[in-house]
Amino acid sequence: MSKLSICERERKQLEKLNKFQLGNQYKRIGYIIAIGTFVLMIARKYIEDSHWLKPVLHGVLLIGLLLISLSKEKVEDEFIDSLRSQSYRLAFIMAIVYSLGQPLVNYAVATLFNQDDELQGFSYFQVLFFMLIVQLMFFWQLRRMNK
């Protein structure tokens with residue numbers, strides 16, 4: 001197998017991965033999963049001994065948001081693809097800023113109210129949830145502004 005054909009095959013695989021999207025019907029499934037999980041997260045507060053349920057609900061909520069994020073619009077063209085790329089880029093930048101700034105804000109608030117003044121991190125769920133929500137909000141806002 002020649003070196004050029006290997007490179008060409010890798011390039012095609014990357015392009016195929018880059019264009020990966022789910023069908024529009026998955027958006028509705030994602031909304032149902034995300035909203036249902038959010039309701040269950042609220043209901044979990046009233047159930048005793050449900051600590052094991054929290055990470056499961058976090059994972060399911062992230063899956064629902066990911067389905068919404070990866071689903072195609074009813075009319076998917078190059079413009080929508082461009083808006084989607086911009087929203088992913090902005091969400092990535094905002095997640096980095098959030099990850100760097102949030103522990104400092106938590107520390108400042110804890111110091112201000114004389115609580116434990118340790119610099120604490122946060123969970124993967126917070127970062128991923130923030131990133132997916134910001135991506136969806138930027139995408140919806142960019143689409144609305146460019147209609």
**Q** Nearest 0.5 Å, please: how far is CG in Leu22 from CD1 in Ile68?
**A**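 CG of Leu22 is found 11.5 Å from CD1 of Ile68.
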
**Q** Check Glu15 with Lys19, please: is the shortest side-chain N to carboxylate O separation under 4.0 Å?
**A**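 Salt bridge flag = no for Glu15 with Lys19.
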
**Q** Using the rule that Ile, Leu, Val, Met, Phe, Trp and Tyr join whenever any side-chain heavy atoms are under 4.5 Å apart, tell me whether Val56 and Val39 fall into a single cluster.
**A**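 Val56 does not cluster with Val39.
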
**Q** Are Ile42 and Phe125 connected in the hydrophobic side-chain network, where two residues link if heavy atoms are under 4.5 Å apart?
**A**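 The answer is no; the residues belong to distinct hydrophobic clusters.
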
**Q** Does atom CZ (Arg28) have a neighbourhood of more than 12 heavy atoms from anything else shown, all under 6.0 Å?
**A**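 12 or below, so no.
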
**Q** Gln86 vs Arg89, test: side chain to side chain donor-acceptor pair (under 3.5 Å). Steps then yes/no.
**A** CA-CA 5 Å; Gln86 288 177 14; Arg89 192 172 338 137; over 6 Å; no

**Q** Using the rule given for side-chain contact (heavy atoms from CB on, under 4.5 Å), can you reason through Leu90 versus Val134, listing the C-alpha separation, both sets of side-chain angles and the distance that settles it, and then say yes or no?
**A** CA-CA 8 Å; Leu90 289 169; Val134 167; 5.8 Å; no

**Q** Looking at Tyr26, I'd like to know if its OH atom is crowded, meaning that more than 12 non-hydrogen atoms belonging to other residues, nucleotides or ligands lie closer than 6.0 Å.
**A**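 Not more than 12 within 6.0 Å, no.
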
**Q** Let me confirm one number: the NZ-CD distance from Lys74 to Gln25, rounded to the nearest 0.5 Å.
**A**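 Taking NZ in Lys74 and CD in Gln25, the distance rounds to 12.0 Å.
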
**Q** If two hydrophobic side chains count as joined below 4.5 Å and joins carry through other members, does Met131 share a cluster with Ile33?
**A**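 Different hydrophobic clusters.
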
**Q** Which value, rounded to the nearest 0.5 Å, describes the distance between Glu73 atom CD and Leu83 atom CG?
**A**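 The distance works out to 9.5 Å.
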
**Q** Is it the case that one hydrophobic cluster holds both Phe38 and Leu132, taking links as side-chain heavy atoms less than 4.5 Å apart, direct or via other members?
**A**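 Phe38 and Leu132: separate clusters.
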
**Q** After noting the C-alpha distance and the side-chain angles of Phe130 and Gln126, does the key distance pass the side-chain contact (heavy atoms from CB on, under 4.5 Å) rule?
**A** CA-CA 6 Å; Phe130 178 81; Gln126 286 178 294; over 6 Å; no

